[in-house]
Structures are given as structure tokens and as C-alpha cells.
Colleague: 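Just dropping this structure here.
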Amino acid sequence: MTQPAAPRTAYDAPWWKDAVFHQIYPRSFSDSNGDGVGDLRGVIDRLGYLELLGIDALWLSPVMRSPMADHGYDVSDPRDIDPLFGSVADLDDLIREAHARHIRVTMDLVPNHTSDQHPWFQAALRAGPGSRERERYVFRDGRGPNGDEPPNNWPSVFGGPAWHRVTEADGRPGQWYLHIFAPEQPDLNWLDEEVFQDLATTLRFWLDRGVDGFRIDVAHGMAKPDGLPDMDMITNRIMDNDENDLRFNNPGVHAIHRRIRAVMDEYPGRVTVGEIWCKDNDRFAEYIRPDELHLGFNFRLAEAEWDAAEIREAIDNSLIAVEGVTGIPTWTLSNHDVEREVTRYGGGALGTARARAMILVELALPGTVFLYNGSELGLPNVDLPDEALQDPTWERSGHTERGRDGCRVPLPWQGSAPPYGFSSNESTWLPMPADWQDLTAEAELEDLDSTLTLYRTALELRRMRPEFRGDAIEWYGAPGPGLLAFRRIDGRLTCVLNASGAPVELPDGEVILSSAPLVDGLLPADAACWLA
Ligand code: GLC
């Protein structure tokens, strides 16, 4: 086990309180062995870049052993690294080398389901109805006279029903199993004690190797309602879920988080952050009570349109959601599941300008920030040809939803043509656009006006300047329609966002950073700035 990196915050504040995490999507970060897919050695090779960027911690999307039906979110051995990404020894090296640069390393953990290739599930298929082996998953008899209708009406997040019927050993159609995601991702039965014990073993396995914490996938999943009743369906999507969505946010989930927390508490200084899609602030807060998760992802900023009122509401709600439990707010503009912000805000020069503005808004707020890999280069989503699409959503939706591949295209590092130094192999797992030569890390490092330079400067100011002190903000005066301005109460940093469509005057103060040059002292449209 290696030493965790030196804390950067005050003694009594945990290191993650104002940390900036960089989400690495390992397939797409950097490929060291020329197979066209990124890997752990690739991450090690680029640690210098991450240090230069100025982030505090990495979150690695899943690197455990997986048949990759959902690119790693289908885990067949939670205590091994998939050979596609390297080995456990490579992860040890990554942790050691990252720590030497004061960068912490967190991993994705997938407790809601396993891969259908997990030995438990294979054993469950063989063992048949009523067996101990089937108890670890959610097997049920079907409805209808021949049991040929699914046990309830739940949809899978990726389209189609959330149930799959198995063929029993005698060759006849048999029971159904629940898969809220792809059929290759059977849901575990969290009422089964062995399921928890195995997760505890997994937690300790990685914590003992020096991992600084976990991002917990579908942290609002796991628990299921008694009797698995039908639900009033609104949508299959994970993002829109509300109180009627019985697949998520069941009260039993909190007992599971308490037990996870008890294991985490054996390792002081390690963090958990849960993926929680939950619009209700009170219910969201329950996940981050002192004996549950340390942090919860709040996706409100990632969902807000380019609209000052909507952005303000997203900020207010994210703050309110943690207030009652004195939790730490979290901020994220994008991840591997949503459209990249440049595209979301309109694409092209306009989308880029707005994404640059929003990073200043995000980094001005108190709390923990999660950056998605490549956002610092201002990468847009990519329109991929049909034949390149790999997200299970594409097939499962009958080719009506294109899925998430467009935000997962490999990162451009250098040079003027694909694969831009990402790999020595021209054929990358998703094709890279021909016009990314100005968006490579190399090109942007040298360009003072690049998005990468803006990120680096912003992260450095956020780390160094006293204006970023304190936990609270206040809204600044009545700045007018399309505008938004807030101030850190203790540090007095002011952040102004101009979504009004026309240049605006700034309040008094020294401009320490602006996402676009001021014009005659005015903040242009689609820009934000910081004032000290
Ligand atoms: C989470 C992940 C997503 C994955 C799903 C199933 O929502 O972020 O990428 O497909 O869980 O594990």
C-alpha cells in the first residue's frame, strides 16, 4: 500500500471537500499497447498532463474484469483488472505514481448488478429454480398461463423490458431474471447477505491496495420494493426518474449504504461518491447523511439549459439538497452518460464559448467538482456513423436512440490527423473526427487562448486565491434578465455569467479571469468572469 497524497485542505476538512476530480473513461484516455483501446499504462504515461492540468483526484470508470457488454459496467470479476486495461500490478503502479504527484485515485464500483458471465450468474443458470444460486439474483416465474409474460412491467434503462427469460437445463423456457440495464447485467438480490459480504471483500481488496475511494454506480438502485409491483411508466431513462419509478430510490437502499460506510470507516480518508438520480432534495439528502455516502453526484447543472434562471435554480437546488445534512455540494457539467457540454449548449464556437463560461461558474462554487475527460479540451460530442455505434442502447432501442458513444470518443493528444497520438493503431475503438487538430492537448497547451489554458488558469486560481474561501454563496443584487452573479460570502469572489445575448457592465472589482476577452470593459455575451 502506498501513502495517500498530502492533504491540501485544512486539518478538519476532508480532502475531497473542495477537490477537483477528473473522470477518466479508460477506453478513451490513452492507449499504450496499440490495440486501439485506452488502458492503465496509458493513464500512467499521461500523469504529467493531469498534474499540469491541476486536478486533485482521478475517478476511473470501471477497469475490473468484464466482457464489456456495457464497457465495463458489467463486471465478471470485481477483484481483478480486465486484461484490456492491464493488470492489478498496473493499477498498483498507477496509484503509486499518482500519489507521488499528489493525485488521488478513485475507482468505479458496480454493486447493483454483475455481468451475466460472473461465475455466480452462470451457476444460477445451471442450478435452476428454487436453488441457493438463484437467490443471489432476482429470478421470478413469469406471469400468464405459461409464465411467458415478464413478472412485472418494468422497462430496462437501455430499452425493452427489464426481464429476460432463461432456458432451463431441460431445454424448456423457464424463469425470468431482472436486469434494469442490459440483459448482460443481471441485478443482484441485495436482500442476500452473501451479496453484501462479497462487496465488503471487494471494497477491502482495493482499499488495501491504496485506492482513495469509490464512485458508486447506480447508488440509488440496489434495493427493490417488496413484491416487485408494476409501475406507472413514464420513461425508461435513468435520468428522468421520479417517485413513480419503482426501480430506484427504494428506502431499503440506505441500510446498504450504512454497511458500505462502516467498511469505508475502517480506512479513514477514503471517499465514496454515489451516482444518485433523484430530483427530490429531501430524498437526495438522505443518501449523504453522516453514516452513508460521503458525496452524492448532483446532476442538476449537467441537465440545465443555457438559461440564467435555470442555471440559478440548479445551483440553488444543489445547495439546498445538502444543506440539511451539512453535506458537501458537488458539481458536474458532463460525464460518460450525457452529451458533452459544448454540444449541449449549441455546438461550434457558440457552444464552446458557453462551455468556457460554465466552467468558471462551476469552479466558483463551493464544493467538489467533477470534470469529464476531454472537457478541458473543449471537445464536442461526435456524430458517429451507425456502424460505429457500440452502446447497448442503440440495439436495445431498435435503432431509435443512438446512445452515449458520441461523448466517449478517444482523446486527441497531438498531431494533425486521427488517431492524434491516442494510439499507435489507426483503428481506434470509436473513430476519431478528422477535424480535431486544433483540439489536441499539444495544440492547446501552447495556445494561451485555448480551453485547456482556461481550465489550467482557473484551477490554479481556485487553489491559490483566498477569494475561494468559505462554504456559502449569496446572489448578487438584481443583475437583470439573462444574467447571473453570485459571491462567495467569506472569500468575496464574485462570478458573473452573461447569458443575456448582449454585452453587460460588470460590478466593481478586479477581473481575475474571464472566459472571453472583455470588450471596452464589458463582459460579452456567452461569457463569464471572476472578480476579486
Ligand atoms: C450508470 C453508469 C452507466 C452504466 C449504468 C449501468 O448509470 O454511469 O454508464 O451504463 O450505470 O451500470
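We count ligands from 1, going down the list as the structure has it; atoms in each ligand are counted the same way. Just so it is clear, the structure is predicted and the values come from calculations on it, not from any experiment.
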Colleague: Which atoms of ligand 1 are found less than 4.0 Å from any heavy atom of Arg404?
Modeller: 3 (C), 4 (C), 9 (O), 10 (O)

Colleague: Just say parallel, tilted or perpendicular for the rings of Tyr372 and Tyr25, cut-offs at 30° and 60°.
Modeller: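 Perpendicular.
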
Colleague: Any non-hydrogen atom of His71 lying under 4.0 Å from ligand 1?
Modeller: no

Colleague: Aromatic ring centroids of Trp59 and Phe297 under 6.0 Å?
Modeller: yes

Colleague: Counting heavy atoms only, which part of Arg215 comes closer than 4.0 Å to ligand 1: side chain, backbone, both or neither?
Modeller: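 Arg215 to ligand 1: side-chain contact only, backbone stays beyond 4.0 Å.
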
Colleague: Tell me if the aromatic rings of Tyr73 and His336 count as close, with their centers under 6.0 Å from one another.
Modeller: yes

Colleague: Under 30°, 30 to 60°, or over 60°: which ring-plane class applies to Trp413 and Phe29, parallel, tilted or perpendicular?
Modeller: perpendicular

Colleague: Hey, which atoms in ligand 1 end up nearer than 4.0 Å to a heavy atom of Arg408?
Modeller: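 Here the atoms of ligand 1 in question are 9 (O).
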
Colleague: Please determine if Arg402 and Asp386 form a salt bridge, counting it only when a charged side-chain N lies under 4.0 Å from a carboxylate O.
Modeller: yes

Colleague: Which bit of His220 gets closer than 4.0 Å to ligand 1, counting heavy atoms only: side chain, backbone, both or neither?
Modeller: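 Neither; no heavy atom under 4.0 Å.
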
Colleague: Record the part of Phe297 in heavy-atom contact with ligand 1 below 4.0 Å; permitted values are side chain, backbone, both and neither.
Modeller: neither

Colleague: Measure from NZ or CZ of Arg140 to the centre of the six-membered ring of Trp163 and say whether it is under 6.0 Å with the direction within 45° of the ring axis.
Modeller: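 Geometry flag: not set, cation outside 6.0 Å or 45°.
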
Colleague: Under 6.0 Å between the ring centres of His254 and Tyr287?
Modeller: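 Between His254 and Tyr287, the centre distance is under 6.0 Å.
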
Colleague: Heavy-atom contacts with Gln185 under 4.0 Å: which atoms of ligand 1 show up? List them by number with element.
Modeller: 6 (C), 12 (O)

Colleague: With heavy-atom distances below 4.0 Å as the criterion, list the atoms of ligand 1 near Phe158.
Modeller: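 Near Phe158, the atoms of ligand 1 are 10 (O).
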
Colleague: With nothing but distance in play, are any N or O atoms of His113 less than 3.5 Å from an N or O of ligand 1?
Modeller: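 Yes: some nitrogen or oxygen of His113 is under 3.5 Å from one in ligand 1.
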
Colleague: Which is closest to atom 3 (C) of ligand 1 in terms of heavy atoms, Asp337, Asp70, Ile180?
Modeller: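 Going through Asp337, Asp70, Ile180 one by one, Asp337 has the nearest heavy atom to atom 3 (C) of ligand 1.
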
